[in-house]
Amino acid sequence: MEVQQTINATRSWSQYRRYQGKSVGFVPTMGALHQGHLSLVRQARKDNDFVVVSVFVNPIQFAPNEDFDNYPRKIRLDLDLLEKECVDLVFAPSSEEMYPKEDSRMNQTWLDVVGPITEGLCGISRPTFFRGVTTVVAKLFNIVQPKRAYFGWKDAQQLAAIRQMVNDLNFDLEVIGLPIVREDDGLAMSSRNAYLTKDERQEAKIVYQSLELAKSRILRGETSVKKITTEMKLLVEDSALSRIDYTTIVSSQTFRPILELENGQDILIAIATYVGSTRLIDNFRLKVPQF
Ligand code: PAF
């Protein structure tokens with residue numbers, strides 16, 4: 001497995017594979033890898049001749065009050081895991097390599113997907129997050145030039161924004177979304193789970209349980225989104241350590257809010273919650289059943 005830190009070396013590596021007619025699958029990550037990331041790597045391994053993984057904690061997707069400085073960085077462990085998955089190249093640039101300005105937040109070119117995909121849900125409490133993600137992912141796509149890129153459904157809104165960007169700007173690649181990987185008690189795997197204390201970790205399963213509750217209400221015929229999301233909220237806030245950011249149901253394609261569920265709709269039930277000071281997000285995708 002090769003590890004490259006420069007844009008030039010990574011681009012040449014990838015261009016050479018493309019020139020040989022080989023496919024490159026790409027998994028962008030911020031490191032602190034878990035089984036969710038590894039499921040993306042394994043799928044990329046199956047689908048492509050070569051696999052590239054990037055490990056880069058992207059400063060421009062963090063607001064000044066967020067956890068950029070504390071975000072877990074475990075490059076040695078990450079490289080060991082990726083080696084075992086037979087990854088061909090890891091691109092692990094420094095901040096200066098990606099953003100040569102003195103302060104990465106002074107980045108002058110932004111790629112901003114506008115509209116309901118980025119405005120609601122996490123876009124409300126993290127208004128600059130998605131443009132930070134789409135900007136860095138566009139840069140990474142330009143550097144790695146993959147045939148396929150892999151993202152998890154846990155970050156459903158991020159995935160939708162990236163798909164929109166790829167469609168709107170005619171990037172020559174396929175975006176593949178893969179299912180959420182969960183712990184035994186349902187908690188969605190996330191690098192941020194490492195922030196949870198023992199008690200918080202115990203409580204964090206409430207996030208998954210609230211999604212299960214919403215699903216069971218829908219499968220029994222409840223159509224009022226307000227009723228469903230209020231029940232989710234009450235369940236979560238019953239636990240002393242948790243505080244809701246949002247519970248919502250939107251169209252899983254457009255991310256437009258839904259007030260009343262209709263037969264056959266493809267919906268996303270989504271939640272963001274603070275457990276202690278850690279913000280966790282999760283979602284279920286569902287087709288509203290015919291009654
Ligand atoms: O999902 C992540 O880990 C990041 O948002 C991504 C896509 C690697 C961009 O920094």
Side-chain angles (χ1 to χ4, degrees), residues 7 10 25-41 43-44 51-63 66-75 77-79 81-82 87 89-95 97-99 104-105 107 109-113 117-118 121-123 125-144 146 148-166 169 171 173-181 188-195 270 272 278-283:
I7 292 171
T10 304
F26 178 42
V27 183
T29 81
M30 297 208 299
L33 303 178
H34 51 68
Q35 288 302 319
H37 295 112
L38 298 185
S39 73
L40 307 179
V41 173
Q43 190 61 47
V51 177
V52 176
V53 175
S54 62
V55 176
F56 178 60
V57 185
N58 172 37
I60 67 166
Q61 70 190 69
F62 292 81
E66 292 182 348
D67 56 342
F68 174 70
D69 289 335
N70 298 328
Y71 196 84
R73 287 163 173 85
K74 302 180 173 178
I75 188 70
L77 283 173
D78 292 342
L79 292 177
L81 288 170
L82 295 174
V87 164
L89 176 82
V90 177
F91 176 47
S94 63
S95 250
E97 178 72 4
M98 292 294 277
Y99 305 107
S104 59
R105 295 196 178 103
N107 192 43
T109 304
W110 295 92
L111 211 157
D112 208 355
V113 173
I117 288 178
T118 56
L121 291 82
C122 294
S125 56
R126 305 187 73 191
T128 57
F129 170 69
F130 291 109
R131 72 172 199 170
V133 169
T134 41
T135 301
V136 79
V137 170
K139 281 167 75 74
L140 291 166
F141 284 171
N142 277 331
I143 296 163
V144 177
R148 300 183 185 88
Y150 298 80
F151 298 87
W153 261 102
K154 186 176 83 65
D155 300 297
Q157 214 180 347
Q158 162 176 288
L159 172 60
I162 291 166
R163 275 194 205 287
Q164 190 68 45
M165 168 187 92
V166 164
L169 300 184
F171 277 84
L173 60 95
E174 189 186 350
V175 174
I176 295 169
L178 292 177
I180 299 173
V181 178
M189 292 208 182
S190 162
S191 306
R192 288 191 167 98
N193 292 351
Y195 296 151
T278 306
R279 188 171 178 279
L280 302 176
I281 58 171
D282 201 350
N283 66 77

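On a predicted model such as this, the values are computed, not experimentally measured, just so you know. First listed ligand is number 1; within each ligand, the first listed atom is number 1. No hydrogens, no waters, no symmetry mates; every other heavy atom, side chains included, goes into these values.
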Quick check: do Tyr150 and Leu178 have side-chain heavy atoms less than 4.5 Å from each other?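 Side-chain contact under 4.5 Å: yes.
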Quick test: of every protein heavy atom, which one is nearest to atom 3 (O) of ligand 1, and how far off is it to 0.1 Å? Met30 CG, 3.6 Å
Taking [X] for its side chain and [Y] for its backbone only, find out whether a donor-acceptor pair lies under 3.5 Å.
X: Asn193; Y: Ala188; answer: yes
X: Thr128; Y: Ala63; answer: no
X: Ser39; Y: Gly36; answer: yes

Contact partition for Thr29 relative to ligand 1, non-hydrogen atoms under 4.0 Å: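 The part of Thr29 near ligand 1 is the backbone, not the side chain.
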Tell me whether the NZ or CZ atom of Arg73 lies within the 45° cone about the ring axis of Phe68 and under 6.0 Å from its centre.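 Yes, Arg73 and Phe68 form such a contact.
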What atoms of ligand 1 come within less than 4.0 Å of a heavy atom belonging to [X]?
X: Val136; value: 9 (C), 10 (O)
X: Gln158; value: 1 (O), 2 (C), 4 (C), 5 (O), 7 (C)
X: Gln61; value: 4 (C), 5 (O), 9 (C), 10 (O)

